[in-house]
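First up is the structure itself, then whatever we jot down about it.
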Amino acid sequence: GAGVSQSPRYKVAKRGQDVALRCDPISGHVSLFWYQQALGQGPEFLTYFQNEAQLDKSGLPSDRFFAERPEGSVSTLKIQRTQQEDSAVYLCASSLAPGDSNQPQHFGDGTRLSIL
Amino acid sequence: GENVEQHPSTLSVQEGDSAVIKCTYSDSASNYFPWYKQELGKRPQLIIDIRSNVGEKKDQRIAVTLNKTAKHFSLHITETQPEDSAVYFCAASITGGFKTIFGAGTRLFVKA
């Protein structure tokens, strides 16, 4: 089937606005990861879901960042009161097995977020 | 926590030459090491991975070696082609953990 799908592809917001980024993982994939990728850097882990359970959110940079996956499929990353330092590409990845089994992750194209 | 360092940050080679990218990791508990290729504006794609119970793995023109004692692993691309030009990321993760830690990336240019 289709790969990991993210929307929107590009998002421009004014500082202080709230944004919501969506990830549709590959159907049947148990694990879902969110990463933040700054320009010229590698992806940095934000949070991990196993089905609907958020098992690791240690990478979320502040309490302005919130993620959910209520039915164990689609996930939303929400950023409240956006700041300029939130500008980055936000990548979502999914894998078939639980995250602690170290299986390959399949990435989406990402959402490029620009905060003005 | 785990830290992954990657070198060089930029690598330029002539078409047909080999390219080698090196990574070191800090946590001896890391046991899974994937490599991703990311073309400009596109998603990272897994090109090869290795687990800590093997020292080398090869897939056509791509090979990865792992030295657990020294805590470093390398990507080798032979007979490079212009379409190999991209950013390559190494990564490390620990069984039982959920985080994958990425290196900062190597931008590879293959000149025709």
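A note on names: the letters A, B, ... follow the listed sequences, proteins ahead of strands, and every chain is numbered from 1. In this text the structure is predicted, and so the values were computed from the model without any measurement.
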Are B:Ile62 and B:Val54 connected into the same hydrophobic cluster when the rule is that any two of I, L, V, M, F, W, Y join if their side-chain heavy atoms are below 4.5 Å apart?
yes
Roughly how far apart are A:Gln37 CD and B:Gln38 CD, rounded to 0.5 Å?
4.5 Å
Chain A heavy atoms under 4.5 Å from B:Pro44: which part of the residue, side chain, backbone, both or neither?
both
Do any of residues 105-116 of chain A have a heavy atom less than 4.5 Å from a heavy atom of chain B, and if so, which, in residue order?
A:Gln105, A:Phe107, A:Gly108, A:Asp109
Cluster check B:Val64, B:Val4: I/L/V/M/F/W/Y, side chain < 4.5 angstrom
yes
Do B:Phe102 and A:Tyr35 have ring centres separated by under 6.0 Å?
yes
Please say yes or no: joined through hydrophobic side-chain contacts below 4.5 Å, possibly via intermediate residues, are B:Phe33 and B:Phe89 part of one cluster?
no
Would you find more than 12 non-hydrogen atoms of other residues, nucleotides or ligands less than 6.0 Å from B:Arg61 atom CZ?
yes
Tell me whether the count of non-hydrogen atoms from other residues, nucleotides or ligands lying under 6.0 Å of CD in B:Gln60 goes above 12.
no
Using a 6.0 Å cut-off, check whether atom CD of A:Glu68 has over 12 heavy atoms from anything other than its own residue.
yes
Does CD in B:Glu83 sit with more than 12 non-hydrogen atoms of other residues, nucleotides or ligands closer than 6.0 Å?
yes
Straight-line distance of B:Leu46 CG to A:Gln103 CD, nearest 0.5 Å
10.5 Å
Honestly curious: do B:Tyr88 and B:Ile48 fall in one hydrophobic cluster under the side-chain, below-4.5 Å linking rule?
yes
Honestly curious: do A:Leu32 and A:Phe66 fall in one hydrophobic cluster under the side-chain, below-4.5 Å linking rule?
no
Winner by heavy-atom pair count (cut-off under 4.5 Å) against chain A, out of B:Ser93, B:Cys90, B:Gly105
B:Ser93
Counting heavy atoms not belonging to A:Glu44, are there more than 12 under 6.0 Å from its CD?
no
When rounded to the nearest 0.5 Å, the distance separating CZ of A:Phe33 from OG1 of B:Thr100 is 5.5 Å
In terms of heavy-atom contacts, B:Lys99 and A:Ser58 come closest through CE-OG, 2.8 Å
Please find the pair of heavy atoms, one from B:Phe98 and one from A:Asp56, that lie closest to each other, and give the distance.
CD1-CB, 4.0 Å
